[in-house]
Amino acid sequence: MRKYVLKRLAQVMVILFCILTILFVLFRLAPGDPVTRMVDPEMTPEESQHLIEQLGLDQPIWKQYLIYLKNCSTGEFGYSIHYGEPVAKVIWEKLPNTILLFTTAVLLSAMVGISWGKIAAWRKGKATDLGMTIAALVTHTLFLPWLALLLVWIFAYQLDWFPITGMVSDEVWLDPDAGFFTKAADVLYHMVLPLTTLFLIHFGSYLLVMRSSMLDTLKEDYILLARAKGLTERDIRNKHAAPNAWLPVVTSVGLSLAFSINGGALTETVFSWPGIGRELVFAVSQNDYPLAQASFMLISTVVLLSNVVVDVLYAYLDPRIRY
Amino acid sequence: MENKTVQILKAKRRALWRQRFMENWRVFMRNPLGRIGMSLLVMFGLMAVCSYIPPMIDPMYHPMTGVDPKVVSSVGPSWQHWLGTDFMGRDIFSQLLAGARVAFLVGVSAAFMSVVLGTAVGMTAGYMGRFTDTALMRLADMIMVLPTLLVVLMLAALFGQLSIWMIVLMIALFRWPGVSRIIRAQTLSLKQRPFIDAARVSGASHLRIIFRHIMPNVLPLAFLYMTFRVTSAIVIEAGLAFLGFGDPGTVSWGMMLQWVWKTGYMFQAPYWLLPPGICISLITLSFYMLGRAMDEVLDPRLRDETQAG
Amino acid sequence: MALLTVENLGIGYQTAKGLLKAVDGVNFSLEPGRSLGLVGESGCGKTTIGMALMGLLPPNGRITEGRIVLDGVEISTLPEDELRKVRWNEVAMIFQAAMNALNPVKRISAQIMEAIQTHRPDMDDDAALLRVEGLFNLVGLPLERLHDFPHQYSGGMKQRAIIAMALALNPKLVIADEPTTALDVIVQDQILKETKQLQSQFNIGIIFISHDISIVADVCHDIGVMYAGQLVESGPAEEVFFNSQHPYTQALVSSFPTLAGPKTKLAPIPGEPPNLTGTIPGCRFCDRCPKDTASCKLDHPKWQQVGPGHHVLCDHC
């Protein structure tokens, strides 16, 4: 198992290296002068000279490439033009926010999708099944930014139950007396709408996969044996069918991670949630290439690593797979 | 050089094809998902066709450049403007119709390109095997895990504003791996069949085997999988336009949502906020339903399941 | 008193084309410690009877007439909750190992312990595990493979594990549905011998379902030959196998090769069994029967006694 994880991590490194190389080549091919795109025009001449040297922009192209690889591997992505700060500092602050929202959303929708899919399969053809399947189909195909706007319009604007945007309220976080739980509750309060958006979009696909996987599993002979053993229907469903039916769902979670991170970036943007997805969108709109590049690399890393986690989880759930 | 038996065999095969097609069509139309999906698509198709009419009635209905001189900001539905106007007095209904055209254009052309690419790669990988197979499938794995929307966004960061055709091309370039995996599996199983061996023994070249013997057998599958690609292409384009990186020369539904969001009308103008979102969601749903129904046609196992239940 | 009595049993499946009578008017009984082999082609209703004995007919199947009495209890009318207590406790089933009957994600030990603890809730894990170890010894499985997953077992080992599971609660009746079909001949022979020995050791009644009449003749005391949902010939194994009277049984016997004995030509049975959705007026086998006469198609055949305990459903035997 350990060998497998190490092998997968090595693969991730190779892919990241490929992406970096492609970005380097494209950046040189793209119109515009690399120096002006990487260096903030408002810097003093000394500062900008220092930055040019650090990024190796005055060197021959092959040497630039080596310096670029070295910088990227140590997390030196240059200076953000908009913030006037090292890019690494800007995005490291944002990473936990993205991970908080993204993992909560994926886990929550997977859990709900799996348990409802199980019920739908068990009650196949009944009203519960029909209702759940239709709900899953419809929410799953809603256009995410529109759903986000709709939720804001209804629950934040019309009903005024939740904040319209942001992740924290200043009055809570600047209050020296506020304890950890007050702050956590404040974040949670801001998280309700973005989380609902992501949840509504995602749970449907997990539900549909779990439902059909469960229906396949229920046809297996070990289910018949379990029934012959005199187990209750409940035990057959939970102890025999479900553990087998999870496997395709885990695969589908892995395959849909890229789709989920697209949605994550859109959600962060609509709700002004200070994460890396929103940072990438913002950087692109501000022509802040160093920031865009770093956010993109960080997002790619997150996606690739999550895929490794999913594969390891699969191996853990299925005893037939031993690496 | 064709003798009579060959001609008869060919005619028989054609007849068989037609029969299978009719059979599949019947299964497809019996499925409620297929029927609903199909009718919704016909509706969107009509919208796309009708999008040429309003600008002909009055230039002020032109979705991009037509401005109602009497209107200075967004107003609600009226006889003049069935769905109201946007922030600068353009007719929302004609924008909605034009959006259908863009959605079909983007969806179908991106899906077509990615299916062609995916089929080519999948057939090559499956037929050549060995190193070519490994290399191509690794590449596919790599592209598959990347978030396409953000990749296209990154390309926008590099090259500036992307035109609609550029966006279509980019989507196609990053959405082929799924198709190629299915086609590769199909090619691998076809390769085991005797008729491929027979062709090889009788001296057919690799290209001839691929194009004459393998391609006709994988194409139906490839084009049925196109429906799923259409959905993702439409959603990616809409997402891109919503974030403000769409082609400024086109009116897409994503673009309309961006306007209502960015100009701050979203709290006052539900007549403007609702239609584009409903359209994107519905067209996605209809292609998705179509895909599910087609899946059933392709996979007899699923067919039996629904019949028994 | 008989362990199991099946009286005039009829089972139907609700299908799109109407009610399919998979089993029609079947009678037999089984004494404790005896074994009965049900033989026939696929689709003849033998597996359906096996499932009915466990109360495990699929949702579209139901008992249309007759009754099944096990140890004085009529199980064909028992409610689901009561039936669940009978299952495995009194009637166990040996599935075909190749049929994926073991759950791939659960350890073998856990799957057998589960069967025990479901019916003996007061038994703790240690006691149950001890019982499983005893069963492993009984069926000749190595104890160090106790906690393996099914995919780590060979086909023969899986079959032994399934037999161990069937014996877990000392059932009075075991239904063995094609238990050795997918195994190679040597393993099949071993397992059949051991099964026979275990049966006499624990005095279990066995219903042995198979398409291979030579195996059944070897293992069972009695044989019932089924065709198109009906029992067509029954009697002591030797009698039915070596002195078969019904044309169908004769065809079955000659369609399998024998290792010993004179070299004879294998005779496939031409034709197909009839469609069971409608009503069939005469003998069900007459379309494929060499002795077929005009009256066969019109009248239901009657049971004839042809030897001690040996009966045939045919008017011309």
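Convention: sequence-line order gives letters A, B, ...; per-chain numbering from 1. All values derive from a computational prediction rather than experimental measurement.
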* Asked: Quick one: of A:Thr232, A:Leu317, A:Leu225, who has the most non-hydrogen atom pairs under 4.5 Å with chain C?
  -> A:Leu225
* Structure fact -> Minimal heavy-atom distance between C:His119 and A:Lys229, with the atoms involved, is NE2-O, 2.7 Å
* Where do C:Arg87 and A:Ala228 come nearest, in terms of heavy atoms and distance? -> CB-O, 3.2 Å
* Asked: Could you state the interatomic distance from CE (C:Met93) to CZ (A:Arg227), rounded to the nearest 0.5 Å?
  -> 13.0 Å
* Identify the heavy atoms of C:Pro104 and A:Pro319 that sit nearest to each other, and give their distance. => O-CG, 3.3 Å
* Using a cut-off of 6.0 Å, state whether more than 12 heavy atoms not belonging to A:Trp122 lie near its atom CH2. => yes
* Distance in Å, C:Met54 CE paired with A:Leu224 CG, rounded so as to fall on 0.5 Å steps -> 9.0 Å
* Structure fact -> One option among C:Leu56, C:Ile175, C:Leu83, C:Leu169 has the most heavy-atom pairs under 4.5 Å with chain A, and it is C:Leu56
* To do: Mark yes when over 12 heavy atoms from residues, nucleotides or ligands other than C:Arg145 sit less than 6.0 Å from its CZ; otherwise mark no.
  => yes
* Structure fact -> Honestly, the part of C:Gln111 sitting under 4.5 Å from a heavy atom of chain A is both
* Structure fact -> dist C:Leu102:CG -> A:Tyr222:OH (nearest 0.5 Å) comes out at 11.0 Å
* Heavy-atom pair of closest approach, residues C:Asn103 and A:Lys239 -> ND2-O, 4.3 Å
* **Closest non-hydrogen atom pair between C:Val105 and A:Pro243, with its separation** => CG2-CB, 3.8 Å
* Among the options C:Lys106, C:Lys85, C:Met165, C:Glu114, pick out the one with the most heavy-atom pairs lying under 4.5 Å from chain A. => C:Glu114
